[in-house]
Protein chains: 2
Amino acid sequence: MNKKNIENIKSQMRRGVLEYCILCVLDKNDAYASELIGKLKDARIIVVEGTLYPLLTRQKNQGLLTYRWEESTQGPPRKYYTLTDKGRDLLHEMDKAWTEIVETLDILRK
Amino acid sequence: MNKKNIENIKSQMRRGVLEYCILCVLDKNDAYASELIGKLKDARIIVVEGTLYPLLTRQKNQGLLTYRWEESTQGPPRKYYTLTDKGRDLLHEMDKAWTEIVETLDILRK
DNA sequence: TTTAGTACCTTGCGGTGCAAGGTATCAAAT
DNA sequence: ATTTGATACCTTGCACCGCAAGGTACTAAA
């Protein structure tokens with residue numbers, strides 16, 4: 001009951017920064033969807049496929065990302081996503097927004 | 001166009017911590033809804049009435065808050081919200097969750 | 001008795017995460 | 001040859017929730 005509450009809160013917080021996290025990860029290296037899910041899971045940002053795929057499509061349609069197909073040595077071809085210049089610009093805006101929120105909460109909590 | 005994007009991102013990030021902010025503010029002092037809106041606006045967490053009222057009701061129904069009516073010297077009576085023990089417990093859990101997310105993003109950004 | 005200020009609350013819409021289910025490719029085992 | 005398992009992509013339907021807009025009610029001053 002209470003545990004459910006806490007999980008709900010955590011996921012709500014994570015949601016707010018999900019798009020930010022994706023751009024962060026892609027800023028370092030191109031990646032394909034399944035790979036991204038793994039990396040975000042490692043970073044304790046839980047994401048499921050049904051969330052990530054529509055999100056990537058949205059970001060692509062906003063011109064933040066592009067993709068290319070690449071053959072894999074094992075398994076079906078992979079769709080590698082890359083940050084565009086526009087995506088990088090937005091990432092920097094997100095950095096600012098994030099910093100601002102962290103500062104705000106520091107004040108609220110002090 | 002782009003400005004709208006950024007605003008959208010910020011509000012999405014804020015949403016994730018809205019409940020947390022409310023409990024933070026109430027942890028220091030009891031407050032009534034209009035007052036809360038003012039305090040959160042000062043903290044650059046924009047909230048509108050249509051968001052706050054249902055949220056307070058939700059938190060009250062979850063047993064995180066209680067309220068009492070108080071007469072006002074000018075205007076209608078005010079509904080002062082107070083954190084319950086359960087609310088305070090959850091606030092501490094939120095502190096942990098928030099710290100964890102901040103750490104996670106530090107890692108993702110490094 | 002009208003206007004202005006303060007305070008409470010509800011309704012309808014749109015956006016979005018998630019669970020579940022579906023499709024396709026490749027390679028190894030039967 | 002065909003079944004199985006691993007990998008990878010994607011869609012659908014539900015439910016939740018923030019927000020804009022609109023509504024009610026009390027008080028005091030014009």
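Chain A is the first sequence line, chain B the second, and so forth, proteins listed ahead of strands; every chain is numbered from 1. Everything numeric in this text was worked out from a predicted model, so none of it was measured.
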query: By a strict heavy-atom criterion of less than 4.0 Å, which residues belonging to residues 24-50 of chain A are in contact with DNA chain D?
result: A:Tyr32, A:Ala33, A:Ser34, A:Glu49, A:Gly50

message: Output the rounded distance in Å from CD (B:Glu70) to P (D:dC26).
response: 19 Å

- prompt: Could you state the CG-P distance from B:Leu55 to C:dT10, rounded to the nearest angstrom?
  reply: 14 Å

message: Between A:Thr51 (side chain only) and A:Val47 (backbone N and O only), is there a donor and an acceptor less than 3.5 Å apart?
response: no

message: If you assign each of A:Gln74 and A:Gln12 to its closest nucleotide in DNA chain D, which residue comes earlier from the 5' end?
response: A:Gln74

query: Does B:Asp95 have any side-chain hydrogen bond (donor to acceptor under 3.5 Å, both in side chains) partners at least two apart in sequence or in another chain, and if so, which?
result: A:Arg109, B:Tyr20

message: Which residues end up grouped with B:Tyr80 if you chain together Ile, Leu, Val, Met, Phe, Trp and Tyr wherever their side-chain heavy atoms are less than 4.5 Å apart?
response: B:Tyr32

task: Please answer whether the main-chain N or O of A:Leu65 pairs with a side-chain N or O of A:Lys86 as donor and acceptor at a distance below 3.5 Å.
output: no

- request: Could you tell me whether the phosphate oxygens of C:dG17, OP1 or OP2, come under 4.0 Å of any side-chain nitrogen or oxygen in A:Arg15?
  value: no

query: Considering only D:dC10, D:dG18, C:dC8, which nucleotide approaches the side chain of A:Tyr53 most closely?
result: D:dC10

statement: The correct set of residues in residues 86-104 of chain A placing a heavy atom under 4.0 Å from DNA chain D is none

- prompt: A:Ile22 CD1 to C:dT16 P: how many Å, rounded?
  reply: 12 Å

- prompt: Rounded to whole angstrom units, what separation is found between the CG atom of B:Leu56 and the P atom of C:dC9?
  reply: 9 Å

- request: Looking at every strand, decide which applies to B:Glu19 at a 4.0 Å heavy-atom threshold: base, sugar-phosphate, or nothing.
  value: nothing

message: Side chain of A:Asn8 only, heavy atoms from C-beta on: which candidate in C:dC9, D:dC17, D:dC9 is closest?
response: D:dC17

statement: Those residues at least two apart in sequence (or on a different chain) that pass side-chain hydrogen bond (donor to acceptor under 3.5 Å, both in side chains) with A:Glu70 are A:Arg68

query: Between A:Ser72 and A:Pro54, who's closer to the 5' end of DNA chain C by nearest nucleotide?
result: A:Pro54

- prompt: Could you give the NZ-to-P distance, from B:Lys10 to D:dC19, as a whole number of Å?
  reply: 15 Å

- prompt: Atom CG of A:Leu23 and atom CG of B:Leu108: how far apart are they, to the nearest 0.5 Å?
  reply: 11.5 Å

query: Do B:Leu56 and B:Tyr81 have side chains that get closer than 4.5 Å, going by heavy atoms?
result: yes

Spacing of CG belonging to A:Leu40 relative to CD1 belonging to A:Ile22, to within rounding of 0.5 Å: 6.5 Å

- request: Looking only at side-chain atoms of B:Arg78, point me to the closest of C:dT6, C:dC9, C:dA24.
  value: C:dT6

task: State, with a plain yes or no, whether a side-chain heavy atom of A:Trp69 is found less than 4.5 Å away from one of A:Arg78.
output: no

query: Is the backbone of B:Leu55 close enough, under 3.5 Å, to the side chain of B:Lys60 for a donor and an acceptor to pair up by distance?
result: no

message: Under a 3.5 Å cutoff, is there a donor and acceptor pairing between the side chains of A:Arg88 and A:Thr84?
response: no

task: Find the distance between CE (A:Met13) and CD1 (A:Ile45) and round it off to the nearest 0.5 Å.
output: 12.0 Å

field: Spacing between B:Lys79 atom NZ and C:dT10 atom C1', to the nearest angstrom
entry: 13 Å

message: Using a 4.0 Å cut-off on heavy atoms, which residues in residues 57-67 of chain A reach DNA chain D? List them by number, or say none.
response: none

statement: From CD of A:Glu71 across to C1' of C:dA27 the rounded distance in Å is 15 Å

- prompt: Which sits closer to the 5' end of DNA chain C, A:Arg14 or A:Pro77, going by the nucleotide each is nearest to?
  reply: A:Arg14

query: Could you give the CH2-to-P distance, from A:Trp69 to D:dC9, as a whole number of Å?
result: 7 Å

